[in-house]
Structure formats: C-alpha cells, structure tokens
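Okay, structure first, notes after.
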2 protein chains.
Amino acid sequence: MSHAKKKSPATVQSGLTMADLAKLAGVSKITVSRALGESPLVTTETRERIQALARKHGYKLNVSARNLRLRRSHTVAVIVEMKPSSSRTMWDPYPLSLLGGISQELTSAGYSVLLTTRHDAANAAVQAADGLILLGQGVHQDAVRLYDRMGLPMVVWGAESGQDSHIVVGSDNRQSGISVAERFLSIGRRHPVFIGNSDHPEMAQRLHGFVDELAGHGIKPLLLQRVDWTLESGVDAVRSLFNRKVRFDSIFACSDLLAMGAIRALVELGMSVPNDVSVVGYDDTPHGASFLPPLSTVRQNWQEGGVLLARKVLALIDGQPVASQMLPTNLVVRAT
Amino acid sequence: MSHAKKKSPATVQSGLTMADLAKLAGVSKITVSRALGESPLVTTETRERIQALARKHGYKLNVSARNLRLRRSHTVAVIVEMKPSSSRTMWDPYPLSLLGGISQELTSAGYSVLLTTRHDAANAAVQAADGLILLGQGVHQDAVRLYDRMGLPMVVWGAESGQDSHIVVGSDNRQSGISVAERFLSIGRRHPVFIGNSDHPEMAQRLHGFVDELAGHGIKPLLLQRVDWTLESGVDAVRSLFNRKVRFDSIFACSDLLAMGAIRALVELGMSVPNDVSVVGYDDTPHGASFLPPLSTVRQNWQEGGVLLARKVLALIDGQPVASQMLPTNLVVRAT
DNA sequence: CGAGCGAATGATATCGATATCAAGATATCG
DNA sequence: CGATATCTTGATATCGATATCATTCGCTCG
C-alpha cells in the first residue's frame, strides 16, 4: 500500500520525504536523517552523497514532523504591544529595529520568529513556543506577569524593576539620566526640568538617574509629568512652565518629539536655545538630527538590543544561566 | 506498554494530550478531536462536556502534530526588507503598522505569523509556510521574483507593475499623484516640481499620476531625482533648483522628510511657504503634522493595508480567486 | 583462530493529531 | 414488526522525522 504513492516529482510541490530520499540513496530513513543532521554516526562518504542527493532533488525538511518528534517548536514568540490607533508605539521606529536584531539572531540559530500582538497571545502557537520575547510592554507590568505564568523562558525589553523573576534587557535608562545630568552640570545649568511620564518604568529610571546625579550637587530638578510624547505635549509643557513663572535653564525630555516641541515653545516665547535653555531629547530620531537647531539627544542601540534579547532567550531555552543586562546609551551632543 | 505513561499531571508542563483527555472523558481520541474542533458529528452534550474538561485541565493543542497530519503549517511568512544600518526602511514606521494589521487578521483566522528578513528567507520554516507576504521590497523586484518561484500563495505590498503574476496590495500611488496635481492646479500653480526616486516603483506611480494629470492641462513638471529620502536631501534638492535658477511654484515630495527639508531650504532662501511655493509631502508622519508650518501630505492607511494583505493571502490559500487592490489615500491639506 | 570490540547501518516504535471506514445505537417507515 | 436510514462513536492507519536498540561487518588482539 505504502508503495502505491507515485507522485510525479514535479507535480506535487516538493513532496519529497526522507523515506523517498532513502529509497533513492539505497539506505534507510534514519541514515538519511543522520546524514542531513551532521551526525558523526555516518561515514563522511555517505553523508556527502546523501546531502548532494537532497540538494539535487530540493529536499525540504518537514518542520512539523521534526518538532512533533522532538517535542519542541523551535519557535520564539515575540509579543509586541501594538495599539490600534496612532499612538506612540505604533509609529515608533524602535520595535522594528529590535525586531530586526531579534529575527536575525534567532533565524541564524535555526529558530523561527512568531510575531503576535498582545491581544492574540492566547494563541495555541504562542503557547507552544519554546520561548517568549516581550516588547513595548512598558506600562503594562500586569501583562508581563500574565505571560510569566506560562512558565516559558521569557525575556522582556524594558526597565529592570528589581522585583521581577524574569530576565530584562534594555537600555541603561538610569545611566542615561545620569549622563544628561552630568552634561547639564558641566555647562553650568542649575535649574533643570524633566519632561516625561514617571509611571513608565523606563522613563522612571531616567528620572531617577537624573535626580540622583543632580542631588549630589544639591540640585533638585522639576518634574513635569506628561503622558503623551507628542510635539504638542512638549510645546504645552514649556508653556505651562512659563505660565507658572518657573525659572529653568535646561530640559531633559523623554522623547525627541517632546524635546522639539519644547524648543519650539521656547523660541516662540522669545528664549534662545541653547543660550537660555539647554534641551536634550531621547531616541535620536532622524528628524531630531535635522532639526533646527540640531537636537542633542540620547541614542539607544536597538539592533544590538534585539540581538541580545534573542541570545538571552536562546540561552534560557538551553538551560544556561542568564542575567538581565542593560545596554549603554550614547549622549549625542549637538546644538541644543 | 502504551498504558505505562503515568505522568504526574502537575510535574510535566501541561503535557496533556487528546488521548489523556479521552481517557478522562471516557471516550476515544477521535471524539475529543471532533468535540474540540466544533465538528457536527458529536452531540452538543458531549462536545460541551469535553470542552469543559479541556478548559479545566488547561489542555493545549499540539500544533506540530496537527500540522503534520493536515499537511499544512497554518503559517504565513512575512518577509521584511530590513537593511542592517540606519537606512530608511529601518526607521520607517510603516512596516510596523502593516505588521499590526497583518498579525491581527491572520491570528484571528487561526494562522501564525512567521517574521523573517529577506536574508533569512531560505529558512526551512519559511518554505513550509502556507503563504507569503512581502513588505518593503520596493526596489528589489528581483527578490520578488525569487520568492515567486517558491510557488506559494504570495501577496506583495507595493506598486502594481502590470507584468507580474503575483497579487499586489498597496496604496493607490497613481491616484495620489493625480490628487496632488489637482490640488496644485486648483490653487493656480503652473510650475510644479516632483522630488523622489523614479526607480522606486511606488514613487514612479506617484510621478506618473502627477505627470499625466498635469499634462492634461499642458503642464510638464520638473523631476528632481533623489535617492535618499532624508531631510538633508530635501534641502539639497531645493538648493540645486535655486542654483540652476529654475522657476517653480510647487513641490510634491515623496516623503515628509524630503518635504520638510525642502521647506527649510525655501525659507532659508527667502521664499515663503505656501505663498511663493506650495509643498506636499507623503506619509503623514507625526512630525509633519506638528511642523511649522503644518505640512500638507498624503496619508496612507497602513493598518488597513495590513489587514487587506492578510485577507488576500488567506483567500489565495483557500483557493479563491483574488485580485490586486490599491487602497485610496487621503490628501491632507494643512498649511503648506 | 576465535572472542571481542567498534563502526556503520537498519528495524521498529513513537511524537499527537485527524481521515477513513466500520460498527453500534436509535429512529423512521411501509 | 422488521428493515432501512440516521446519528453517534470508535478502531485503525497515517502524516514525516528521530530515539532506541539490534544487527552486521570488519578488524584487532590474546
């Protein structure tokens, strides 16, 4: 019966199995499996013969079958927080760069990248994943905890919260805050303002670094809480400072958009950047570099972050010990 | 022998199979399969009983096993062109929005989204996919052809080239060009300039629409070829126009960055926007909306595009007839 | 020269789900 | 009331790869 499968080789879309290859090579299935799997159990000669045969006939491994037998999916699920509207995350470039790094690293390790949004993550395929990478979960610590309970190897992009059981990879937000503070101090600024959302873990870290470093010099910055990271929000923030007649000479904004908005408002209000007020943004977006005046900002290395995220999950899957890690950032000093 | 598997239910990580469920319910595996698969072949009563049991014990379908048996992967591979450096595609927001739409639609149809970069696409998992979606392949028609040969259902984001065998979904670039032309004509502009890369299929379509519509009014726009879509490139373009003493009164730039660069150069050269020169950009980036003056631009609906891409692949996989489709764009008239 | 050893290969069972066909239970009809 | 149609369930084979144990063959060494 099983010999009755006479598929015309070109008709059926590459329906070549190991059994077929085995017959062609005059060996058994298992030998084919070993030959293709670089097992040392077969002669170099047979291995090469079979590999050549496989190449010639365009043999393709059936991933499902292998995964079934091996009881692993060779898949890492990447869960991205994507809000449906034009909110920040949706427009921000960073997930894509991160994704690039992740995809590159995982694929070259023979893993697949399964992309899902937070809402869909109950998916059977996600639950079958060998590991999990969470992106953009910043505000949703509860979501993180939810996935944590799935018991899978998991790495999260974001800020270290100290109390979490999972591995975190992110930019060194705290150090960023310190660097900006140092910069402000070095150019003699004494009345700094921080614009951002302190409820957001990553921004909170920046704030802490900023505050702590300044405190060492007896300076207490003003926190201007802003939930939106839009340009308008930056404009608005500076106006409110002005209306409240607050004295300030430097601004650390948590996004380039906020920073540019702030600068615009400053200029409108007759102040000079950077003479009267220094401004530093965050993210090093292309707009910032071309802004007038060119924006000083903090740059994160997304690509490398993605690679690191991937390496950590793989190590976890492999049972190796893994630690959280924060990537250094660069303070890019331009004109502001 | 096969009865010897006594796994302690809590120890093994959710190692519950249909066979286990069957034993618990006192039925056969196949009945469980049918009950969970909403098959009409089982009584409503048993179906519900088994579903409840499955929920209670946290049963999880083994995707590999099902895919193996069904000879399909229930997976659509999304191949994204991601250049390693800080090139446009890397930073552009659009792939993420597209990805959002794709992921949403595919996941809710029970499919998985396999993310890969162009380089990794020889991957076994990709070749096992039931369908392919290509993003950001704009310039690389050769790449498209390569995947086309895999013989999988395939949908490409981009511009319709007329000679291709595959399905294309994209924004109606040609209509966009027409709309901008109409706009320029309606406000009495007679010396329009197009800034962009005519080698890029999507931009070429915009150019054609633009040129054709203007030709109907006896006007021939000037094409300013620019490979980079940066702000600097826009500045540079306008300067070169100025140096060549070209007369112009309107600019259609193929990206918001180009447009903003152009405007900056215009202002520097003492011209007024929009009094002397009208400018329209492309993409409706958040920066553009907040630009001073607020940028007029063409908006594409990425999210919807993603959903549409997904629906088309699914239809193709399903064997239904499918046609290419171009999504309408919106000309957002602001101050420029 | 035969026991014993290692290298290379193979036969079989198995991973977990579903298609197919068979069979038992129940209902319907003349 | 018996026969056939319908409904529900089950036994078995199967998808394609790999782990395990068995087997074959050639070779070394006492």
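Scope of the values below: all heavy atoms of this structure, side chains included, with no hydrogens, waters or symmetry mates. Numbers restart at 1 for each chain; the letters A, B, ... are given by sequence-line order, proteins then strands.
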Is there a side-chain contact between A:Val78 and A:Leu135 (heavy atoms, below 4.5 Å)?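 Side chain of A:Val78 against side chain of A:Leu135, heavy atoms only: contact under 4.5 Å found.
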
Is there a side-chain contact between B:Tyr59 and B:Asp20 (heavy atoms, below 4.5 Å)?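 No; the side chains remain at least 4.5 Å from each other.
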
Taking [atom1] from [X] and [atom2] from [N], how many angstroms apart are they, rounded to a whole number?
| X | N | atom1 | atom2 | result |
| --- | --- | --- | --- | --- |
| B:Asp20 | C:dC15 | CG | P | 10 Å |
| B:Leu36 | C:dA17 | CG | C1' | 11 Å |
| A:Leu68 | C:dA13 | CG | P | 17 Å |
| B:Arg72 | D:dG16 | CZ | P | 15 Å |
| A:Asn67 | D:dA17 | CG | P | 12 Å |

Do any side-chain nitrogens or oxygens of [X] fall under 4.0 Å of OP1 or OP2 in [N]?
| X | N | answer |
| --- | --- | --- |
| B:Thr17 | C:dG16 | no |
| A:Tyr59 | D:dG16 | no |
| A:Arg71 | C:dG16 | yes |
| B:Thr31 | D:dT9 | no |

Would you please name every residue forming a side chain to side chain contact (heavy atoms under 4.5 Å, CB included) with [X], sequence neighbours left out?
| X | value |
| --- | --- |
| B:Leu41 | B:Arg34, B:Ser39 |
| A:Ser73 | A:Thr75, A:Asp130 |
| B:Thr31 | B:Val27, B:Ser28, B:Val42, B:Ile50 |
| A:Ser108 | none |

Sorted by number, the residues of residues 40-53 of chain B with heavy-atom contact under 4.0 Å to DNA chain C: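 Here the set is empty: none.
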
How do B:Gly26 and A:Ser64 order along DNA chain D: which one's closest nucleotide is nearer the 5' end?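 Final value for this comparison: B:Gly26.
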
Can you pull out how bent the helix from C:dC1-D:dG30 to C:dG30-D:dC1 is, comparing the axes over its first five and last five pairs, to 10°?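 Comparing the axis at each end, I get an angle of 50°.
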
Go through the structure and list residues passing side chain to side chain donor-acceptor pair (under 3.5 Å) with [X], not counting sequence neighbours.
| X | answer |
| --- | --- |
| B:Glu38 | B:Gln51 |
| B:Glu48 | none |
| B:Arg49 | none |

Using nucleotides 18-27 of chain D, report all nitrogen or oxygen pairs with the protein that are shorter than 3.5 Å.
unit_1 : atom_1 : unit_2  : atom_2 : d
D:dT18 : OP2    : A:Ser33 : OG     : 2.5
D:dT18 : O2     : A:Arg69 : NH1    : 2.5

Side chain to side chain donor-acceptor pair (under 3.5 Å): pairs with one or both residues in residues 310-327 of chain A, sequence neighbours excluded: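 Side chain to side chain donor-acceptor pair (under 3.5 Å) check on residues 310-327 of chain A returns A:Glu105-A:Arg311, A:Lys312-A:Gln325, A:Asp318-A:Gln320.
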
Return the set of residues passing ring-ring contact (aromatic ring centres under 6.0 Å, His included) with B:His166 (not counting sequence neighbours), or none when no residue passes.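 Applying ring-ring contact (aromatic ring centres under 6.0 Å, His included) to B:His166 gives none.
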
